[in-house]
Asks: 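This is the structure I want to talk about, given as C-alpha cells.
Computed from a predicted structure; not experimentally measured. What you see below is based on every heavy atom in this structure, not just the backbone, and it leaves out hydrogens, waters and symmetry mates.
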Amino acid sequence: MFDLDRWREIFQSINKNRLRSVMSGFTVAFAILLFTLLFGVANGLGNFFKGAFADDAQNSMFVRVWKTSKPYKGLQTGRRVQLRNDDYNFVADEYEDKIQYQSARIYKNFSIKYKSEANTYNIRAVNPDHQFLEKTIIDDGRYLNERDLKEKSKVLVIGRLIKKDLFGEKVALGKRVNVNGSSFLVIGVFSDEGGDNEERIAYMPVTTAQSMYGNNDYISQINLGYNPNLSTDAAIAFGKKMERELRKRMDIHPDDQSALSVRNMAEANKFISTVMLALTLIIGFIGSGTLIAGIIGISNIMIFVIKERTKEFGIRKALGAKPSSIVGMVVQESVLITTLAGYAGLTLGTYILSLIGNSLEEDYFIKDPSVGSGIVIGATVILIISGLIAGYLPAKKAANIKPIEALRAD
C-alpha cells in the first residue's frame, strides 16, 4: 500500500490520462455534492419546523375560548364563553394522571414604570407551572411559586428586554415598579427562545390579577403539559376527550370550534413527524438514485479504462509483473480518485449550505440547512467501495489474460 514506486506509477497514470481521471472524479464529486445538498435541504426544513415550536414545551396543550358560532340548548349564537377557576380545577382533578404541568393564563396590557422610564407591556397572570410550559429561562432571581399564589403577592417576573428598557445595565432584582398604578416587586428576570416579543412580557400570579383586576375567578386560557409517558396517539385522544367534556360542561355545541378549541402539540408533532418521514423517504430515494448513478458511472469508466490499458498490462506481465501487482495498482488508483473526488464534493456541498444559511427561511421555510458528516461520509465510503469493486473485477480479469493476448488487444 505504501510502495513508493507504485504510487509514482499511479500518479503518472493519472497525469497521462487526465480526461479519464477528471471524468471519474467528476462522477463521484457530483453524486456526493447532490447527496449533501438534498439532505441539507431536508434538515433545513426539519430545523424550521422545530424552531417554530421552540418557544413552547413539546407536550403542551392550550384550551382557548371565545364566542359561540352555533346555537345550542336554547342558547343563542354570539354568547361569550368564559373559563373559570372551577373549569381549571375540573381539568386538574379529572385528568390528574395525564397531566404533568398545568397553568391558567390571564392576559393584561398595562403600563410598567420605574422612575422616569415607562412603557406599555403585555402581562400574563399565570401559575408556577407556566415556567415549564413556556420554557422560560430564569436569568436572575426566581419564578413565581405557590406561596405567591396563596398570598396573592404583588410580585413580577420581567422579560430581559423589559429590564433593558426600564433599568438599562442596572440591577432590576428587588426593585419596585409601578404597574397600572400599583407597586410590584421584581423577583426575577427571564429570557425566552421565542424571540424579542416573548422577552417583552411580564408575569404575575394569577390570583393577584383576579383579585386586583375584576375581583372574579375568570381566566382567559388553560395551558397544560400532558404526561410525557403518553404515546402521541394517547395524547391526541386525551386532548379530544378533554375538549368534549369541557363542551358538555359549558353547554357548547360539539362542532363549535369558535367557542372552544384545544390546540394540542401532539397533533402538530405527529403531523411534522409524518411530513419529515415522507420527505426523508423521498430524499433518501433520490439520494440513493444519485449514488447508484455515481456507482454506474464509475463502473462504466473503469471498464473502459481497463480495456484501454489491457495492452499496458500485457507489457507489464511480459516484464515479470504479477497479476496481483497490476490489480493492486488499478484498485489503488480507483480508490484514490474516488476518495479525493468524494471529499471535494462533500466540501463543496457543505460550503454551499453554509452560504445559504438562513436566507431561504422566509420564503422556503429552510432554516440552517446542514447535513450530518456521518451520513455523507457513509455515502462517500459506499462510492469508494463501489469504485474499488468497479476497478477490481475488470482489472482482475485483464490481469489474468496471457501477455500475448493482451498485446494483441485493440
Asks: Looking at Gln102 and Tyr88, would you say the former's side chain and the latter's main chain have a donor-acceptor pair under 3.5 Å?
Replies: yes

Asks: Can you tell if the side chain of Glu267 reaches within under 4.5 Å of the side chain of Lys240, non-hydrogen atoms only?
Replies: yes

Asks: Is there a donor-acceptor pair closer than 3.5 Å between any side-chain N or O of Gln82 and the backbone N or O of Ile219?
Replies: yes

Asks: To the nearest 0.5 angstrom, please state how far the CE atom of Met61 sits from the CZ atom of Arg263.
Replies: 12.0 Å

Asks: Spell out, as yes or no, whether a donor-acceptor pair under 3.5 Å connects the side chain of Asp87 to the backbone of Arg84.
Replies: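 The answer is yes, because a donor-acceptor pair under 3.5 Å joins these two groups.
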
Asks: Determine whether a donor-acceptor pair (N or O, by modelled atom type, separation under 3.5 Å) exists between the side chain of Asp129 and the backbone of Ser103.
Replies: no

Asks: With the side chain counted from C-beta on, respond yes when Phe238 and Asn264 share a heavy-atom pair under 4.5 Å apart, and no when they do not.
Replies: no

Asks: Between Phe132 and Tyr101, does the ring centroid distance fall short of 6.0 Å?
Replies: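 Yes, close enough.
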
Asks: Would you say that Ile138 contacts Val157 through its side chain, given a criterion of any heavy-atom pair below 4.5 Å between the two side chains?
Replies: yes

Asks: Under a 4.5 Å cut-off applied to non-hydrogen side-chain atoms, are Leu355 and Tyr351 in contact?
Replies: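 Touching, per the 4.5 Å side-chain cut-off.
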
Asks: Around atom CZ of Arg176, are there more than 12 heavy atoms of other residues, nucleotides or ligands at under 6.0 Å?
Replies: yes

Asks: Does the Asn127 side chain pair with the main chain of Ala104, one donor and one acceptor, at a distance under 3.5 Å?
Replies: yes

Asks: Distance-only, no hydrogens or angles: does the Asn269 side chain make a donor-acceptor pair with backbone N or O of Gln58 under 3.5 Å?
Replies: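 Yes, because the side chain of Asn269 sits within donor-acceptor range (under 3.5 Å) of the backbone of Gln58.
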
Asks: With rounding to the nearest 0.5 Å, note down the distance linking CG in Leu224 to CG in Asn59.
Replies: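 Leu224 CG to Asn59 CG: 9.0 Å, rounded to 0.5 Å.
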
Asks: Whether the side chain of Asp192 engages the backbone of Glu199 through a donor-acceptor N/O pair (distance < 3.5 Å, no angle test) should be reported.
Replies: no

Asks: Any chance you could lay out the ring pair (Phe, Tyr, Trp, His ring centres under 6.0 Å) test for Tyr203 and Tyr143, step after step, and finish with the verdict?
Replies: CA-CA 9 Å; Tyr203 295 112; Tyr143 199 72; 5.8 Å; yes

Asks: Do Glu243 and Gln257 touch side chain to side chain, with heavy atoms closer than 4.5 Å?
Replies: yes

Asks: So how far is it from Leu75 CG to His253 NE2, rounded to the nearest 0.5 Å?
Replies: 12.0 Å

Asks: For Lys113, does the NZ atom have more than 12 heavy-atom neighbours from other residues, nucleotides or ligands under 6.0 Å away?
Replies: no

Asks: Could you tell me the separation between the NZ atom of Lys175 and the CD1 atom of Ile158, rounded to the nearest 0.5 Å?
Replies: 10.5 Å

Asks: Rounded to the nearest 0.5 Å, how far does CZ of Arg160 lie from CG of Asp165?
Replies: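 Going from the CG atom of Asp165 to the CZ atom of Arg160 covers 10.0 Å.
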
Asks: Do the charged groups of Asp148 and Arg142 touch, with an N to O distance under 4.0 Å?
Replies: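 Yes.
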
Asks: Quick check against the 3.5 Å criterion: does Thr208 have a side-chain atom that pairs as donor or acceptor with the backbone of Ser153?
Replies: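 Yes.
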
Asks: As a test of understanding, state which of Tyr213, Tyr121, Phe184 forms a ring-ring contact (aromatic ring centres under 6.0 Å, His included) with Phe110.
Replies: Tyr213

Asks: Any non-hydrogen side-chain atom of Gln210 less than 4.5 Å from a side-chain atom of Asn85?
Replies: yes

Asks: Would you call the rings of Phe26 and Phe30 parallel, tilted or perpendicular, taking 30° and 60° as the class edges?
Replies: parallel

Asks: Of the non-hydrogen atoms in Ala202 and Ile112, which two are nearest, and what is the gap between them?
Replies: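 So the two residues come closest at CB-CD1, 4.1 Å.
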
Asks: With a 4.0 Å cut-off on N to O distance, would you call Lys241 and Glu245 a salt bridge?
Replies: no

Asks: Do the side chains of Glu117 and Lys164 get close enough for a salt bridge, i.e. N-O under 4.0 angstrom?
Replies: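 Salt bridge between Glu117 and Lys164, a charged N being under 4.0 Å from a carboxylate O: no.
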
Asks: Provide the full list of ring pair (Phe, Tyr, Trp, His ring centres under 6.0 Å) pairs with a residue in residues 151-181, sequence neighbours left out, each pair given once.
Replies: Tyr114-Phe167

Asks: Report, as yes or no, whether the 6.0 Å neighbourhood of atom CZ on Phe271 holds more than 12 heavy atoms from other residues, nucleotides or ligands.
Replies: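 It does not: Phe271 CZ has 12 such atoms or fewer within range.
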
Asks: So does Asn197 have more than 12 non-hydrogen atoms from other groups sitting under 6.0 Å from CG?
Replies: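 Not more than 12 within 6.0 Å, no.
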
Asks: If the plane angle is over 60° it's perpendicular, under 30° parallel, otherwise tilted; pick one for Phe90 and Tyr95.
Replies: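 It falls in the perpendicular class, over 60°.
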
Asks: Looking only at atom types and distance, does a side-chain atom of Asp139 sit under 3.5 Å from a main-chain N or O of Ser191, one as donor and one as acceptor?
Replies: yes

Asks: For Asp256, is there any backbone N or O sitting under 3.5 Å from a side-chain donor or acceptor partner on Arg247?
Replies: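 A pair under 3.5 Å: yes.
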
Asks: Between Met212 and Met204, is there a side-chain heavy-atom distance shorter than 4.5 Å?
Replies: no

Asks: Please lay out, stage by stage, how Ile286 and Leu34 fare under the test side chain to side chain contact (heavy atoms under 4.5 Å, CB included).
Replies: CA-CA 10 Å; Ile286 297 173; Leu34 190 57; 5.7 Å; no

Asks: Working to the nearest 0.5 angstrom, can you tell me the gap between Ile32 CD1 and Leu37 CG?
Replies: 11.0 Å

Asks: Answer yes when Arg249 and Glu94 have at least one side-chain N-carboxylate O distance shorter than 4.0 Å, and no when they do not.
Replies: no

